[in-house]
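When reading the values below, keep in mind they use all heavy atoms of this one structure, side chains included, and skip hydrogens, waters and symmetry mates. All chains are named by letter (A, B, ...) in the order of the sequence lines, taking the proteins before the strands, and each is independently numbered beginning at 1.
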Amino acid sequence: MSLRVGVLGAGGFGRALALAAARHGHEVTLWSRAPRDLPEPIRTSTDMDALGACELVFVAVPARHAIEAADQLGEVIDGRHLVVHVSRGLVGAELKTITQVVRERTVCRRIGALAGPLVADALAEGRPSGAILGTGFPEITAMVREAIGGAELRIYDTPDVIGVELASATVGFLTVVLGYVQELGAEPGTLAVLATRGMVEISRIGETLGAKESTFMGLAGLGDLIAAVAGDQRPESRLGRALALGAELGEAIGELGAYVEGFEVAQHMIEHARRNGLETPISSTFVAVSEGRMSPDDAIHALMERRVGRE
Amino acid sequence: MLKRFLSERPLRLPHLRPYVPRPSDPSIFWFNSERDDIVSDVVSRICSDLEADRGQLELALNDAAFHEIRRLEKQRDDEARDRLGYWRSMIRRVGKMDDTEQRRVLHSIVTNMARDVAGNFDPRVYRFARQAVPRLIGGVMEPRRLSKDLLAPAPKVLERVLRVQGDVEHLQALQSRGSLVFVPTHSSNLDSIVLAQALEISGLPPAIYGAGKNLFTNPIISFFMHNLGAYRVDRRIRVSLYKDVLKLYSQVTIERGYHTLFFPGGTRSRSGMIERHLKLGLLGSAVEAFTTNRIRRVDRPVWFVPTTINYALVLEAETLIRDWLTEEGQARYIIEDDEFSQIDRWVAFFRKVVGMRGACTIRFGKPMDPFGNEVDGSGQSMTPTGRIIDAGGYVEHRGQPVVDSARDASYTRELGEVLANRYEKETVLMSTQVVAHVLFRELVRATPGMDLFARLRLRGEISLEREEVCALLADTRLRLLELERQGRVLVSEVVREDDPSELLDRALSFWNGYHDSTAASLEGGRIVLRDPSLLLYYQNRLVPFAEDIATPEQLPAACEIEKLGAHR
């Protein structure tokens, strides 16, 4: 039985979700601000009402547009709808997750977050990949697997929704850090230490927000980071490399042509950690370097000279 | 022996002829005529679930026997003497029983449990209580007014003690259309009595509620509770079947349209803080009642009413905070020897609140559906922008309402979160709580680096100029009023209207002479912090707001106070 699948947002990921769902034989409606051409049988619309007729709605907009998108979607959905977002960002200094935004601004309650090492191209073309779905509702997992899962996409699930969202948001920032040190010619061992300790650092912050440490060590966290380091050509990695080559932060972001969510998130995370008495040596040092307040050499010294303890 | 007899078989008045409810009577008046049907509904649902799977059935019987043997061996009392033999014999035989025998034993155990839980409702006791209780409270408080109060209409007597806030008319409009589930904060064993009186004053119908079996040990309280619809909850029983009976009993009564009251905090807040982590079992039973009615196409919605009960003086404050502060307190769920069981403390308590404006405020929050949405005057669910939606959609899968316990468990968890947030916004901060916060914050400021327990030992060692306290109170109140303007908290009438000096005197007067040692006292123009534990208890209500109402100089102390709430 085919599903009625809606996609809000016609960026790379939104289009990939629509193509994947259509390939699985479902009725797909993609909403975007401006008219778009997508292959049949995908229906495109600039009218939000079209999403009201769907059972499952994927929200594929950057975090900075999440509030506006939730408000518009809130006008056409109700308790029958299942909503899954794929954003890698958080909203505001309170580090609000997208599921929290949707929960607050709409009457939808069955909400999930799809994350992990899933990239738009692989999803669109049906190449083998995997993802993690955070949701407290098993029926969402079943419906998302039916909509886009299968032999080419393994979708694991966890009830730790906030863990998935925080891990996904902070991996973006760690990817910038790793792109930076890769460009500086760091050894694989150095990358491994930075990646692992960076993940521990952000998982501690995540725990204060209600996430589970194990989620950071799974597909949503380390799994996603491995994909980034292995070279899946994310904009975050390119940003890190551009910074290492001496670009200014604002200029480098502008040249990317893609929105990088991880940086803002990192600054809010550091502030949150400070208020909770947590240390964030890797994040704080890299933010200082990227803002030109510290040289790369000083940063390496500062990190290497820290007291070392038990893992 | 008599105590146990009364506890297990509360007295009922004989009926010369059965009471036939009138159409205008509240739904609870029909309860007795449906009680046997409710019990058999509970029994048949539990048994039919288990009977389908012999493994599950045998596991349930073994679990019941194991936990009951363990409990009764510890109790070593009359009940143990009577029942231990049965359970020991049962656990030996259960593996050898055939299917029919296992089902018979299950049916018998579940029926006994359901009958023990089920309450009673006697309209004669209800009419007597609604007239007598307010006068009794008034009489204890002001003996000189007793003769006048005997003639005054009952609510007039209560209005001196109790303030009721909230959109009562909205609740009145909903009460005949579905089931109202009142979910209050819990500070004192007086709560169910006080809330029952608040419902009475507000013209709202009485509600069924669950009460700990320990409260049934007093024969008078037991008589009233049992005959006013309370069902008994024996928290000593750890058997899974018993928990299922309690949840289903609650679910079936809500499905049938009885208004219900339960405390999602599970037990009284030991610390005095606003509850944050709520027990989801009974909340879940109300969500499932909504689902069941939808599937059966019964148009009887369920609405939750977040309610806060706010006292300026808490009857059991000393015992509760002591309990929170001790290791033992973490594990002690049932307290049988606190101020609630001492009649002299009741008299002292009610005498103390005599003439004290603003002693207790009950606030009924806006009613909401089981999914946390506000509802309009006719009970229809609304989006944040006011669009009407069908709440039945939440339990549909591909267009059909379906049972899904995992889904409902998730809805219940979310409902718990919504309620906890609503409690913060609907809490009415009382005079003693605000004054205690200001004094406790100064204690923290005066003792940097000291741990909580060392601070609590500083009895009478810290004092402040009265004028200084008044100035601090004035500033804190201004900040609280700003939070109130933002919709984040509420303050009581006296906190809003009294000048700081009156506010301080009022709090000192509440504490002085009721608690064994007063929280603070005025000595030679200085306010002396006499009992930091009591100050901690009363100020704990402000923990979530501590940082927001502090000046930059007070901020480090406020942060320390806010950290107290980490394990709320």
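In this structure, CZ in A/R109 is found 9.0 Å from OH in B/Y411, a value given to the nearest 0.5 Å. Residue B/S410 holds its OG atom at 11.0 Å from CD1 of A/I111, rounded to the nearest 0.5 Å. Atom CD of A/E75 is separated from atom OG1 of B/T385 by 4.0 Å, given to the nearest 0.5 angstrom. Separating the CZ atom in A/R110 from the CZ atom in B/F371 is a distance of 8.5 Å, to the nearest 0.5 Å.
Taking each heavy atom of B/R398 and A/S2 in turn, the nearest pair found is NH2-O, 3.1 Å. Here the closest heavy-atom approach between residue B/P384 and residue A/E104 is recorded as CG-O, 4.1 Å. Looking at every heavy atom in both residues, B/R387 comes nearest to A/V76 through NH2-N, 3.8 Å. Across all non-hydrogen atoms, the minimal contact from A/F137 to B/E414 is CE1-OE2, 4.1 Å.
Heavy-atom contacts from other residues, nucleotides or ligands closer than 6.0 Å to CG of B/D451 number more than 12. Surrounding CD of A/E271 are more than 12 heavy atoms belonging to other residues, nucleotides or ligands, all under 6.0 Å away. At most 12 non-hydrogen atoms from other residues, nucleotides or ligands lie less than 6.0 angstrom from CZ of A/R154.
There is no contact between A/L56 and chain B, counting heavy-atom distances below 4.5 Å. Contact annotation for B/D390: neither backbone nor side-chain heavy atoms come within less than 4.5 Å of a heavy atom of chain A.
No other option in A/T106, A/L3, A/L82, A/D78 has as many heavy-atom pairs under 4.5 Å with chain B as A/L3.
Contact of the B/E417 side chain with the A/R103 side chain is not registered, since no non-hydrogen atoms from C-beta on lie closer than 4.5 Å.
Looking only at distances, no side-chain donor or acceptor of B/T383 sits under 3.5 Å from a matching main-chain atom of A/V107. A donor-acceptor contact shorter than 3.5 Å is absent between the side chain of A/R80 and the backbone of B/G399.
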